[in-house]
There are 2 protein chains.
Amino acid sequence: MTRIDDVARLAGVSTATVSRALRGLPTVSDGTRQRVLEAAARLGYTASPSASRLAGGKTRSVAVVVPRITRWFFSTVVEAAEEALHHAGYDLLLYNLGGRERTRQRLLHTTNLHKRVDALMLVATPLQAADVAMIGKLALPGITVSSGTDVPGWPSIRIDDVAAARTATGHLLALGHRRIAHICGDGADELAVSTHLDRRRGYLAALADAGVPADPRLNVEAEFTIGGGERAMTELLRREPPPTAVFAASDEMAMGAMAALRQAGLRVPQDVSVIGIDDHDLAGVVGLSTVAQPAAEQGRLAALALLRPLRDGTGHHDGADPVILPTRLVVRESTAPPPGS
Amino acid sequence: MTRIDDVARLAGVSTATVSRALRGLPTVSDGTRQRVLEAAARLGYTASPSASRLAGGKTRSVAVVVPRITRWFFSTVVEAAEEALHHAGYDLLLYNLGGRERTRQRLLHTTNLHKRVDALMLVATPLQAADVAMIGKLALPGITVSSGTDVPGWPSIRIDDVAAARTATGHLLALGHRRIAHICGDGADELAVSTHLDRRRGYLAALADAGVPADPRLNVEAEFTIGGGERAMTELLRREPPPTAVFAASDEMAMGAMAALRQAGLRVPQDVSVIGIDDHDLAGVVGLSTVAQPAAEQGRLAALALLRPLRDGTGHHDGADPVILPTRLVVRESTAPPPGS
DNA sequence: CTGAAAGCGCTTACAG
DNA sequence: CTGAAAGCGCTTACAG
């Protein structure tokens with residue numbers, strides 16, 4: 001295990017100079033830097049992260065917290081963030097809450113986190129007041145991605161969930177639907193954050209704009225999963241009269257709804273139209289109409305925003321307004337005018 | 001930032017004793033341990049990871065390397081591994097190769113990795129001879145998940161890809177199909193490892209067993225993605241006569257094939273049967289028959305196998321045989337007898 | 001531009 | 001069972 005002393009000896013300089021040269025600090029002459037770089041290369045030397053971290057006080061690591069890495073939105077955000085983080089020389093510690101309430105508490109309440117990472121990226125992570133207070137005490141820079149809990153002083157990246165839901169519902173209205181159901185994210189689902197509230201708000205606003213009265217019996221809560229969408233749709237088919245169209249709060253829920261419809265012997269879109277939000281990789285495969293959101297872009301921008309204060313040394317953000325990325329209606333084959341129109 | 005000295009002072013013992021008590025070493029009297037734990041709790045103290053790592057020589061971190069976290073299999077493996085790793089108190093550093101050849105080289109060739117983590121989990125990571133040699137020099141314990149490159153001395157967890165492919169193909173043969181195409185993983189695709197070769201081998205073996213001659217024109221290579229399956233199916237529809245059934249090497253490819261068939265105006269399974277491997281979350285939604293493999297179980301077992309030598313201090317494995325997990329045929333609605341039978 | 005020395009906050013032999 | 005002291009391998013003022 002070659003250490004900094006070995007490089008110093010070979011280059012004929014002090015360890016301090018090796019340290020400076022290797023990190024690209026400006027206060028090293030060109031000739032010296034050359035010799036140090038050559039010596040380091042010859043010995044295959046890289047500084048020990050543990051030692052650098054202890055001495056330097058920076059971990060060059062970022063914690064990324066997601067509800068479930070297996071869902072389309074979260075894995076896409078993480079993939080984009082990972083690339084930006086590693087490109088900048090930062091390690092990415094992954095925390096997958098996995099629906100386990102205990103994990104979240106352990107994560108945020110551990111006094112450990114602030115000795116372990118330089119910054120925190122919370123993706124759709126539900127926070128209670130106590131959590132937010134705890135995060136404040138960590139005194140770490142951070143960013144939140146996706147609607148939901150805000151942390152005072154942290155920037156956030158997201159879409160406009162109300163507008164996206166409005167677009168989806170508006171599309172169904174424009175096709176002539178009047179009995180439009182909504183499969184809403186479950187507030188009891190700790191992974192849902194407040195996204196589901198915003199999307200329901202958009203749904204209700206679109207109905208109101210069109211002068212269509214909202215039927216509360218067409219509003220069903222479900223988990224943000226395929227199974228959740230499936231169960232919700234089964235439930236909705238018991239309503240009298242049943243809806244002619246369904247707006248699901250995510251593509252995964254929408255696909256679950258499509259599965260339930262097929263099992264019930266109903267055709268999409270001839271009998272029932274379905275639309276979601278996301279533009280999941282598989283939306284094209286099942287012909288699902290949706291409102292696309294840029295997941296990778298949210299992950300990339302979040303990582304870059306997080307890195308900025310770390311690199312310029314201020315260590316904190318300038319408290320900018322939330323960045324709102326655009327969404328876009330994608331019409332495929334799951335939406336059509338209502339039967340008999 | 002409370003340090004170990006603060007705890008020592010409050011508890012009235014030396015820092016060495018605090019260190020021992022907090023880590024649960026046996027050589028501490030019950031009374032002393034009590035006082036130390038209380039002092040630490042009162043001060044909200046946790047040891048600084050950087051300092052522990054430097055002094056102790058262990059990082060309590062594991063690197064998990066996947067080709068693409070956005071794919072079903074990999075995100076499922078990572079989710080299960082994350083839970084096991086964090087449960088044991090280990091950090092998980094995520095490396096997503098993302099199809100970038102440079103990343104893989106940087107990852108493995110960096111002399112950094114062995115100062116950064118205690119162990120390595122390679123999930124379907126393609127390795128060339130030079131990579132394997134480099135890993136040998138890292139002298140880290142590790143494990144490989146999913147078929148593909150083996151590392152000498154490392155255990156591996158996987159399914160029997162040949163058998164799984166045989167099962168899938170056998171199902172189509174039993175239904176009466178004789179013109180069975182295979183959408184094969186692309187060898188040029190660096191993410192494919194050798195999984196695709198094993199699956200093709202199983203396909204060919206099943207045909208041979210049934211006395212059905214293999215038509216090389218029904219064997220198309222594609223990326224392990226939805227788009228890859230889509231393009232391959234489009235290609236296959238140009239064959240004369242076209243296949244009556246398709247075995248795709250993954251569910252994502254199979255779903256891509258289903259999309260291409262729908263776009264070509266063909267019905268599944270009435271015109272063409274489709275089967276995959278995986279049992280992707282969405283396989284049920286699209287009614288895809290498949291050979292299920294236990295992805296989460298592979299991730300969980302891999303993490304546990306990795307932790308074992310780290311905890312008992314030997315730091316290396318006993319070179320056990322590969323663990324082969326069972327697969328299972330799941331028949332849904334995408335497979336049926338050939339047209340006109 | 002460069003070096004000597006202190007210090008980062010722990011863990012680990014070594015004694016007792 | 002416990003402590004004093006050295007040491008892990010860097011970085012950072014401080015001098016020059």
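Note that the structure is predicted; figures quoted are calculated from it, not measured. Every chain is numbered from 1, with letters handed out A, B, ... down the list of sequences.
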Distance below 4.0 Å between A:Ser19 side-chain N/O and D:dC10 OP1 or OP2: no
Residue-phosphate contact under 4.0 Å: A:Arg35 side-chain N/O, C:dC1 OP1/OP2: no
Shortest non-hydrogen separation from A:His86 to B:Leu94 and the atoms involved: CE1-O, 3.0 Å
Atom of A:Ala63, atom of A:Val117 and distance for their closest heavy-atom approach: N-CG1, 3.7 Å
Side-chain donor or acceptor of A:Thr125 paired with backbone N/O of A:Val123 under 3.5 Å: yes
Sugar-phosphate only, base, or nothing, as touched by A:Arg53 at under 4.0 Å among non-hydrogen atoms: nothing
Touch class at under 4.0 angstrom, heavy-atom based, for A:Thr27 against every strand present: base
Candidates D:dA4, C:dT12, C:dG3 - which lies nearest the side chain of B:Arg23: C:dT12
Whole Å only: how far is the [atom1] atom of [X] from the [atom2] atom of [N]?
X	N	atom1	atom2	result
A:Arg20	C:dG3	CZ	C1'	8 Å
A:Lys58	D:dT12	NZ	C1'	12 Å
A:Leu25	D:dA13	CG	P	12 Å
A:Arg33	C:dC1	CZ	P	9 Å
A:Asp30	C:dC1	CG	P	8 Å

Polar side chain donor-acceptor pair, A:Arg71 to A:Ser75, under 3.5 angstrom: no
B:Leu22: partners by side chain to side chain contact (heavy atoms under 4.5 Å, CB included), with sequence neighbours left out: B:Val18, B:Val36, B:Leu37, B:Ala40, B:Tyr45
Nucleotide opposite C:dC1 in a Watson-Crick or G-U pair, distances under 3.5 Å: D:dG16
Lys/Arg-Asp/Glu bridge criterion (N-O < 4.0 Å) met for A:Asp91, A:Arg53: yes
Are there any protein N/O atoms within less than 3.5 Å of an N/O atom in nucleotides 5-9 of chain D, and if so, which ones and at what distance?
| unit_1 | atom_1 | unit_2 | atom_2 | d |
| --- | --- | --- | --- | --- |
| D:dC8 | O2 | B:Ala55 | N | 3.4 |

Close side-chain approach of A:Leu306 to A:Tyr90, heavy-atom, < 4.5 Å: no
